[in-house]
Trainee: 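My questions will all concern the structure given below.
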Protein chains: 2
Amino acid sequence: MAMKRLTRQRKAVLDVVQKARNHPDAAWIYQEVRKIVPSISLGTVYRTLEALVSEGQIAVLARAGEATRYDANPVPHHHLICERCGEIVDLEVELPDLLAPARAAYPELTIHEAKVEFRGLCPACRQTLRS
Amino acid sequence: MAMKRLTRQRKAVLDVVQKARNHPDAAWIYQEVRKIVPSISLGTVYRTLEALVSEGQIAVLARAGEATRYDANPVPHHHLICERCGEIVDLEVELPDLLAPARAAYPELTIHEAKVEFRGLCPACRQTLRS
DNA sequence: TTTCCTGCAAACTATTTGCAATCTA
DNA sequence: TAGATTGCAAATAGTTTGCAGGAAA
């Protein structure tokens, strides 16, 4: 898929994803984009998302048994997944270097990047469980 | 799902997953288990895997656009995902502590564990690209 | 105009579920 | 025997795709 033309559909999908704060899935994006381009189809949403991903403009997130989610921030960063509600929280924290120790332990691998997935509770769920 | 009885099916599924070296998906497990219990259905494989996961005997791995994979090792550990062939390699390396810095930066979160997902090339693909 | 893109609907893949029959404890 | 578990088949959910018409360059 080339997807080089800047159509209304494409503009709207990118816009919705970039403004979303919640790592949305295709169904949510579709619903939102229809407020801008009511005639858009779900197929076009999928095609556009795929194009944006392969261009490196957005990133994908996978969770077993759930729909694929999209992340407006294509720069590698860390996440916390809430064990209670499934929400994905971005973590902007600076962490110790992981590449050096991993490369030292596994010289037979080529390692390009490291992303950390934390498990725990988001602020809302933590509050709920505490009360 | 209770799944308290030790049936032939259940024994075979657990056995296959534990002996697998390759983080297999349900279809692969189904195919292997049929060599032991030919009459087993794919539905039973899914039900059994779900039970094993919720009992903490095995773990799940998700990749966008791919079938869910199962990991015989339920103890949190790190993975490298090969960018070329998609293979998932276990990394047994000891890494610097990630929980402390993350907790310090995000006191509003409860953080239970951290798993690292490395991206790069598995030994085989590295070799291929090099030649 | 030319080629890419879109909407629609059908097709697919992975996974789940209802139910009657069958086993385990 | 009682109740959990199975096989089967149908049902879902998410995603992809072929095609003819429509729109961007």
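Sequence lines set the chain letters: A, B, ... in the order given, protein chains first and strands last, and positions in each chain run from 1.
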Trainee: Treating T48(A) as the side-chain partner and T44(A) as the backbone partner, does any N or O pair qualify as donor plus acceptor under 3.5 Å?
Mentor: yes
Trainee: Check the distance between dT6(C)'s C1' and L49(A)'s CG and give it to me in whole angstrom.
Mentor: 15 Å
Trainee: So that I can tick it off, tell me whether K19(B) and D15(B) are bridged by a salt bridge, with the cut-off set at under 4.0 angstrom between side-chain N and carboxylate O.
Mentor: yes
Trainee: Check ring pair (Phe, Tyr, Trp, His ring centres under 6.0 Å) between H23(B) and all other residues, then give those that pass, not counting sequence neighbours.
Mentor: H79(B)
Trainee: Using a strict threshold of under 4.0 Å (side-chain N to carboxylate O), is an ion pair present between K35(A) and E32(A)?
Mentor: yes
Trainee: Check the phosphate of dG7(C) against Q9(A), side-chain N and O only, distance under 4.0 Å to OP1 or OP2. Yes or no?
Mentor: yes
Trainee: Supply the atom-to-atom distance Q9(B) CD to I36(B) CD1, rounded to the nearest 0.5 angstrom.
Mentor: 11.0 Å
Trainee: Pairs in or reaching into residues 99-119 of chain B: which pass salt bridge (charged side-chain N to carboxylate O under 4.0 Å, His left out), with residues at least two apart or in two chains?
Mentor: E117(B)-R119(B)
Trainee: Could you run through nucleotides 8-20 of chain D and give me one letter per nucleotide, 5' to 3': B if any protein heavy atom sits under 4.0 Å from the base, S if only the sugar-phosphate is that close, - if neither?
Mentor: B-----SBBBB--
Trainee: Between atom CZ in R63(B) and atom C1' in dA14(C), what is the gap in whole Å?
Mentor: 16 Å
Trainee: Quick one: bend of the helix from dT1(C)-dA25(D) to dA25(C)-dT1(D) from 5 pairs per end, to 10°?
Mentor: 40°
Trainee: Within the sub-3.5 Å range, which N or O atoms of nucleotides 22-25 of chain D have a protein N or O partner, and how far apart are they?
Mentor:
{"residue": "dA24(D)", "atom": "N3", "partner": "R5(A)", "partner atom": "NH1", "Å": "3.3"}

Trainee: Could you point out which residue of V53(A), D71(A), V13(A) forms a side-chain contact (heavy atoms from CB on, under 4.5 Å) with I58(A)?
Mentor: V53(A)
Trainee: For F118(A), what are the other residues in its hydrophobic cluster, where any two members join if their side-chain heavy atoms are less than 4.5 angstrom apart?
Mentor: L80(A), V89(A), L91(A), V93(A), L95(A), L98(A), L99(A), Y106(A), L109(A), I111(A), V116(A), L80(B), V89(B), L91(B), V93(B), L95(B), L98(B), L99(B), Y106(B), L109(B), I111(B), V116(B), F118(B)
Trainee: In terms of side-chain geometry, is the basic nitrogen of E50(B) or R10(B) positioned less than 4.0 Å from the acidic oxygen of its partner?
Mentor: no
Trainee: Between H77(A) (side chain only) and V75(A) (backbone N and O only), is there a donor and an acceptor less than 3.5 Å apart?
Mentor: yes
